[in-house]
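Note that this is a predicted model, so its numbers are computed, not measured.
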Amino acid sequence: MAKRIDQPVHVDAQQVYLPAAHAFLEQGWAYFLTPESYRVVPLAYLWPALWGADPEWIRLANGGLWMGCVYFLWRTCDLLGGYRAGVVAMLLWAFHPELPRYFATELTEPIFLFGLLGWMHAMAQIWVSDKTTLPMAAQGAVMLTVTLLSRPVLQLLAPAGLAFCIACLAYWHFNPRRTGATDYRKAVGCISWSLALGLLLPLALVLKNGMVFGLWGLGTGSGTGLYLGTHPLFQGAEPPFLGFNYDVNILAGLKAKDGDHLGLVADRAARNAALWQIQSMAPAEAVAFFSRKLWWWLAHHPAQIDVFGSALRKLRLFELLVLMAGTTSIVYRWFRGVSLSPHQAVGSQPNKMETARLTFAATLLMLFALMVIQLIPILYNSRYSSALLDPWLIPLAACSVAYLTASIRFAATLQKSQWSLEIVARQGASVAPTVMMLTCVTTIAITLYNVVGKRESTSVDSGHMGQTLQHLSITSLDRVKTNGMKAHGSQMWVTTESPSVLQVRLEQDDIEKMAQIPLFNALWETEVALRTEKGQHCRKAEVSYQTADGAILQPHYRRPLLLPVLADGVIQRLVTHANGELRPRQPGSLRTVLHCPVGTLVEWRQTRFLESRHPWDAANHIRP
């Protein structure tokens, strides 16, 4: 984290959080009566304001939050799975390729993580350690408030949890002899008070926003998250992943006077547009769309792996797989009535402490699942996935490792100034099954990463782009040049080399026409058909723009445009963005490199230059 202390201020902090912090410092508490106050949740600007809105001081303060997160995570995992679970959690936290980066920024992630892990620690102390004290309930309340006022993702789950706790207490009150009335009533009562107190300040903020501004919520932004998260062209992920620009401000400008996507009117319009986008999907399309989103939320988008490295997905796959293995093992042993807990001897009966641990772990697993369901329609990026899901996954995965390795005992000795580590099985157990299980989990994670990586692509879905407008269509064979192919009839060629190149020339008149049109998001679409001999396949096609002097311009994002192609002889549409380097500013050619076997039949129909009109279409289909 210290190495990143001098990195540039993040764009979100520069444009939203720090200006709001400066405004609060200038206006004081009167700032809460201005419309700007509801554009983000309070701690997004109150925490920076506490440090004078100075990035250096904020980052130093976030270092303190990082140490607090480490403490809370360690204690929670130690309570759930013992010392071994704490060590595994520390390793997962320390080697996470993304989370530590945010503590050297002015973003809300450090505050949110501190609050969430602090709340989790308080709940574990109350439930597992039976510390039903006022200070522990107060810690849970304060940390829940911090969580909700920094990133309100628990604004539905927390009230639902409170209602469930109250229902349990009412049931036990009228059925005092039922199981739990004596064992858990005190803990559930303490948790109820903690949740209720933690919701007071957020509720007061909701009432203030509702009575003053007509916004019955903690802040705006959910509309934008839903609109971009269900956007057909962007596939529900960050637009730059596919080379596009954010078009939510266009929608905001069409539906609100100020054109601010965080404004109240624009936020509601974006939410309505999101509902229209979902309703426009056929059932099969919705299943495919949200299944793809679910995979990205759980295993990350390939564009984010380019940024943070392969460890981002490998670590997440390991966490998920070890959690599945641990859950399966615990459920199996639990139904058999025996335990391999790190806290008990092999084969012993589950006691109250272990029951409390497993119940709390099951609650964390349920909250993780509900969080994933809640996030599926929201805009995906790895920042949200890591910050919102890993605080649940890390302790769950760490406890799973502790339970899976419970049959192994590690003995370290110091002899003649030399350390030695001995790995032995506990009495009545064997080391081999545990070693095989962890080896299998690690192997599956790496294999799955490699298999998916070879087949996965970051490409526009040509069948779901939203409304487009054609500005240029090239159909003349005179505009086509090939390399590594020979002519085979009209607009058809046979490859003589692999790779081979298909180039569609753009003249000066085309460049001038494009320059005169005020385009925001543009696309290239090329219609081609490929046919190989039976049993042969083409690899991904690579698209770029080549200027007249021979320079090849790659997309502005980190990876080349690699599009999956089928070699079945059917016309297919190869679509990419036409922004940045792919928006021609001088004559040249759109260059498509085909990695197909020699002898592949290539048929070209046309190449079109399109404009995305989706935000205008969305604005026309939603109510004012």
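- Taking the six-membered ring for Trp and the full ring otherwise, Tyr17 and Trp47 have centroids separated by 6.0 Å or more.
- For Glu98 and Arg383, the salt-bridge test fails: no basic side-chain N is under 4.0 Å from an acidic carboxylate O.
- Side-chain N or O atoms of Asp78 include none that pairs as donor or acceptor with a backbone N or O of Gly86 at under 3.5 Å.
- Scanning all heavy atoms of the two residues, the minimum distance from Ile58 to Leu18 falls at CD1-CD2, 3.9 Å.
- The shortest distance between side-chain heavy atoms of Gln7 and Arg59 falls below 4.5 Å.
- Counting heavy-atom neighbours within 6.0 Å of Glu56 CD, excluding the residue itself, gives a total of 12 or less.
- Between the side chain of Lys293 and the backbone N or O of Gly229, at least one donor-acceptor pair lies under 3.5 Å.
- Here CD1 of Ile622 is found 9.0 Å from CG of Asn620. Values are rounded to the nearest 0.5 Å.
- Screening Phe112, Tyr71, Trp93, Trp74 for a side-chain contact (heavy atoms from CB on, under 4.5 Å) involving Leu117 leaves a single residue, Trp93.
- Ring centroids of His614 and Trp276 are separated by less than 6.0 Å, placing the two rings close together.
- Under a 3.5 Å cut-off, the side chain of Asp267 and the backbone N or O of Gly221 do form a donor-acceptor pair.
- Ring centroids of Trp66 and Phe114 are separated by 6.0 Å or more, keeping the two rings apart.
- Minimum interatomic distance between Ala619 and Leu254 (heavy atoms only, all atoms of both residues): CB-CD1, 3.7 Å.
- Counting only residues at least two apart or on different chains, the salt bridge (charged side-chain N to carboxylate O under 4.0 Å, His left out) pairs with a member in residues 149-168 are Glu109-Arg151.
- Thr147 places a side-chain N or O within donor-acceptor distance of the main-chain N or O of Met143, the cut-off being under 3.5 Å.
- A 4.5 Å side-chain heavy-atom check between Val188 and Trp172 finds at least one atom pair inside the cut-off.
- When side chains are defined from C-beta on, Phe72 does not count as touching Arg75, because their heavy atoms never get closer than 4.5 Å.
- Taking the six-membered ring where tryptophan is involved, the planes of Tyr380 and Trp297 are perpendicular, since the angle between them exceeds 60° and thus also 30°.
- For the pair Tyr184 and Thr355, the minimum side-chain heavy-atom distance is below 4.5 Å.
- Ile305 and Ser310 make their closest contact through CG2-CA, 3.8 Å (heavy atoms, listed as atom of the first residue, atom of the second, distance).
- With contacts defined as side-chain heavy-atom distances shorter than 4.5 Å, the pair Phe244/Val460 qualifies.
- Ser400 contributes a side-chain N or O that, together with a main-chain N or O of Leu396, makes up a donor-acceptor pair within less than 3.5 Å.
- The distance between the ring centers of Phe32 and Tyr38 does not fall below 6.0 angstrom.
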Going through the checks in order, is the side chain to side chain contact (heavy atoms under 4.5 Å, CB included) test met by Arg316 and Leu393? CA-CA 9 Å; Arg316 178 61 68 81; Leu393 261 180; 3.3 Å; yes

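- For the pair Arg613 and Trp616, the cation sits on the ring face: its NZ or CZ lies under 6.0 Å from the ring centre, inside 45° of the axis.
- Listed for the Thr76 side chain is no donor-acceptor partner under 3.5 Å among the backbone atoms of Leu73.
- Within a 6.0 Å radius of CH2 in Trp57, other residues, nucleotides and ligands contribute 12 heavy atoms or fewer.
- Ala398 approaches Cys77 most closely through the heavy-atom pair CB-SG, 4.3 Å.
- Taking the side chain as every heavy atom from C-beta outward, Tyr384 and Asn381 approach each other to under 4.5 Å.
- The 12-atom threshold is exceeded at CE of Met366, counting heavy atoms of other residues, nucleotides or ligands nearer than 6.0 Å.
- Gln277 contributes a side-chain N or O that, together with a main-chain N or O of Thr230, makes up a donor-acceptor pair within less than 3.5 Å.
- Remark: the backbone N or O of Thr105 is paired with a side-chain donor or acceptor of Asn62 at under 3.5 angstrom.
- Rounding to the nearest 0.5 Å gives a distance of 6.0 Å between CE of Met211 and CH2 of Trp216.
- Put simply, the side chain of Met123 does not reach to within 4.5 Å of the side chain of Val128, judged on heavy atoms.
- With respect to Lys186 and Asp130, no salt bridge is recorded, no charged nitrogen being found less than 4.0 Å from a carboxylate O.
- At most 12 non-hydrogen atoms from other residues, nucleotides or ligands lie less than 6.0 angstrom from CH2 of Trp193.
- Counting only heavy atoms from C-beta outward, the side chains of Phe308 and Ser386 never approach each other to under 4.5 Å.
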